[in-house]
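These notes are about the structure you will find just below.
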There are 2 protein chains.
Amino acid sequence: MGARGGTVGGQSVEKRSSARQRGTTVYLVWMVSETAGGNGKRSGAGAVRYQKLAAEMRRAIEAGKFGNDGRLPSEESLAEQYGVSRGTVRNALAQLRANGLVTSRRGTRRVILGTARTQSFHELLSFTSWARSLGEEPGARTIHARVRAATAVEGERLQLDPGDDITDVLRLRFLGRVPVMLERTIYPLQVGEAVEALAPDSLSHTGALDASGVVFADSEHTIDIVAADATDVRLLGCAEGTGLLREVRRATDPTGAPLLWSDDRFLPGTVSFTVHNSAAVSSLARRRAPR
Amino acid sequence: MGARGGTVGGQSVEKRSSARQRGTTVYLVWMVSETAGGNGKRSGAGAVRYQKLAAEMRRAIEAGKFGNDGRLPSEESLAEQYGVSRGTVRNALAQLRANGLVTSRRGTRRVILGTARTQSFHELLSFTSWARSLGEEPGARTIHARVRAATAVEGERLQLDPGDDITDVLRLRFLGRVPVMLERTIYPLQVGEAVEALAPDSLSHTGALDASGVVFADSEHTIDIVAADATDVRLLGCAEGTGLLREVRRATDPTGAPLLWSDDRFLPGTVSFTVHNSAAVSSLARRRAPR
DNA sequence: AAGTGGTCTAGACCACGTA
DNA sequence: ACGTGGTCTAGACCACTTG
């Protein structure tokens with residue numbers, strides 16, 4: 001593992017370690033407990049009221065407990081039924097709305113659209129979590145994982161100065177035994193150290209980071225097509241120049257400091273990406289590719 | 001144009017026309033005024049308080065009026081400063097948060113991340129609006145536009161019965177004079193009639209629909225790679241089997257009734273798609289492609 | 001005219017981060 | 001210990017849809 005920093009898997013040395021990077025503080029907490037886990041979206045026990053309510057209403061919708069006219073009861077009656085205020089009901093409904101389960105429109109009852117369309121924030125960041133949520137067996141083979149100086153471009157991507165140390169990981173990812181994706185990830189050194197401490201064959205890096213107390217707050221995913229280069233050809237077994245579906249993942253902590261930057265290239269026909277937008281809020285952007 | 005329905009461009013005949021489709025009512029309002037425009041996101045005059053506030057804070061952020069420590073004032077002081085309640089401030093901030101402009105984290109001030117990352121809901125649906133927002137000159141050539149019976153698959157996509165009439169449009173889209181995308185769109189007949197009424201060379205179909213009072217409420221965008229077929233080769237001028245970036249757009253009205261279904265194929269290197277997610281809400285889903 | 005979701009207010013308490 | 005954002009409540013009025 002890297003030069004400085006504490007153990008991650010076992011007893012941790014420090015309660016917190018923060019480091020400065022060009023003026024911003026990297027937010028990085030080492031937990032004492034091994035299993036305490038990060039802040040995964042727990043819609044069960046530890047969640048607050050409106051989250052539990054959202055989960056409960058989700059189940060009620062799936063079970064068809066709101067009748068079969070395809071409409072939800074009014075907010076007022078839901079509030080009474082569940083013994084909470086209307087504000088809390090609206091908070092819960094906003095969550096279902098954001099996931100595309102129900103509509104909302106002034107003047108009429110909410111309409112039930114369907115069930116579960118999007119994935120949790122964590123499943124989006126983690127190939128392993130994603131594969132498991134699909135009932136597939138995720139696999140990984142680490143080609144290399146090393147610390148080196150950042151190039152100018154990489155420095156910009158992680159908001160570091162060129163020449164600062166970064167951790168550079170190249171991994172081939174599988175579904176079952178079939179290679180589907182080649183992942184090129186760089187981490188700032190403070191985050192990378194936690195990754196390097198993992199066993200070489202460990203599956204989920206982001207999962208381990210999350211469990212180590214690294215707080216993922218925002219992510220940005222850019223999707224386009226890229227022609228396979230020599231490395232892609234060698235490891236994915238495709239023809240030179242094949243169009244690969246590329247997902248560039250960027251994740252930041254709550255202060256906006258970059259936690260990882262990754263270029264993931266999928267073989268054609270293995271994945272697709274779906275975004276849900278509502279007129280109120282949209283999160284997708286179509287961009288012109290640079291010429 | 002089709003059999004029944006009123007004029008769209010000029011004086012409209014009916015104030016509202018709704019039709020039944022397998023149990024659900026299509027929500028479709030014909031405006032009397034020509035220019036009254038749909039419900040485009042007006043963050044200016046007609047908007048409610050928190051939307052105006054969001055727009056105002058957005059400008060304030062861009063102008064650097066909150067100091068240069070990269071943090072926002074507290075919600076309490078913003079409420080006082082703008083003369084509104086904290087709830088309204090939070091509503092406005094939620095909008096900025098959803099667009100990735102600011103972070104939020106219990107215990108500390110909000111951090112300013114950047115400016116304007118995503119596009120409006122309408123720009124996502126409309127190639128024309130999107131191109132213009134980029135300063136590019138959008139173009140379109142209609143290959144065909146006709147009414148025909150829906151296949152089983154198409155019926156399912158538009159929640160119609162197989163054999164019901166649909167409007168089928170094939171258009172080649174340009175940026176400047178360069179063809180970049182081939183668009184295969186189907187509309188339910190009631191919506192399609194408005195499209196057919198347009199001049200053959202009119203640019204923005206979704207824009208015209210929006211202006212005609214068709215209310216777009218939700219959309220879903222699925223992105224993957226598809227091999228170019230004979231039609232793609234002929235119109236886009238690419239080689240047979242080239243990997244094209246495909247965006248499947250689906251849009252529904254506030255009741256969840258489908259308004260359009262479109263298969264758009266972009267030449268490689270012309271566009272990319274970016275999604276912003278926060279730990280609180282995610283709208284992206286990665287899916288396994290069917291085998 | 002009645003019912004519904006959208007907006008706004010005022011106040012309270014809590015969980016978390018920072019000093 | 002203090003300030004911050006997150007949650008929750010109770011009540012009010014408005015804009016819109018529907019019968």
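Only this structure's heavy atoms are used, side chains among them; waters, hydrogens and symmetry mates stay out. Reminder, nothing fancy here: chain letters follow the sequence lines and each chain counts from 1.
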When rounded to whole Å, the CG to P distance for the pair B:D69 and D:dT4 reads 12 Å
Walk me through whether B:S219 and B:R249 qualify under side-chain contact (heavy atoms from CB on, under 4.5 Å). CA-CA 7 Å; B:S219 67; B:R249 287 178 295 140; over 6 Å; no
Is it true that a side-chain atom of B:T103 and a backbone atom of A:P254 form a donor plus acceptor pair closer than 3.5 Å? yes
Indicate, with a heavy-atom threshold strictly under 4.0 Å, whether B:R90 touches base, sugar-phosphate, or nothing. base
Counting heavy atoms not belonging to A:Q81, are there more than 12 under 6.0 Å from its CD? yes
Against the side chain of B:S85, the closest entry in D:dT9, C:dC8, D:dA15 is C:dC8
Any donor-acceptor N or O pair under 3.5 Å, side chains A:S104, A:R97: yes
Would you tabulate the pairs of protein nitrogen or oxygen atoms and nucleotide nitrogen or oxygen atoms of nucleotides 11-13 of chain C closer than 3.5 angstrom?
unit_1: C:dA12; atom_1: N6; unit_2: B:R86; atom_2: NH1; d: 3.3

Are OP1 or OP2 of D:dG3 and a side-chain N or O of B:R105 less than 4.0 angstrom apart? no
Is the phosphate of D:dT9, meaning OP1 or OP2, less than 4.0 Å from a side-chain N or O of A:T88? yes
Closer to the 5' end of DNA chain C via nearest nucleotide, is it A:S104 or A:G107? A:G107
side-chain contact (heavy atoms from CB on, under 4.5 Å) between A:L78 and A:F66, intermediate numbers included: CA-CA 11 Å; A:L78 284 170; A:F66 290 133; 4.1 Å; yes
Using only side-chain N and O atoms of B:R109, determine if any of them is under 4.0 Å from OP1 or OP2 of D:dT4. yes
What is the distance, rounded to the nearest whole Å, between atom OH of B:Y50 and atom P of C:dT9? 13 Å
Audit row: B:I61, B:L72, side-chain contact (heavy atoms from CB on, under 4.5 Å) steps and yes/no: CA-CA 9 Å; B:I61 288 172; B:L72 240 45; 4.2 Å; yes
Of all heavy-atom pairs between B:S129 and B:H122, which one has the smallest distance, and what is that distance? OG-CD2, 3.2 Å
Whole-Å distance between D:dC8 C1' and B:N91 CG? 15 Å
Can you check the B:Q95 CD to C:dG6 C1' distance for me, whole Å? 14 Å
In whole angstrom, what separates B:R106's CZ from D:dC8's C1'? 12 Å
Salt-bridge criterion met for B:E75 and B:R90 (N-O under 4.0 Å): yes
Could you check A:T88 against A:Y82 for side-chain contact (heavy atoms from CB on, under 4.5 Å), going step by step and ending with a plain yes or no? CA-CA 10 Å; A:T88 302; A:Y82 289 106; over 6 Å; no
B:R71 atom CZ is separated from C:dG17 atom P, nearest whole Å, by 15 Å
Rounded to whole Å, the CZ-P distance (A:R110 to D:dC16) equals 17 Å
In residues 74-82 of chain B, which residues come under 4.0 Å of DNA chain D by heavy atom? B:S74, B:E75
Atom CG of A:L72 and atom C1' of C:dT4 are separated, to the nearest Å, by 12 Å
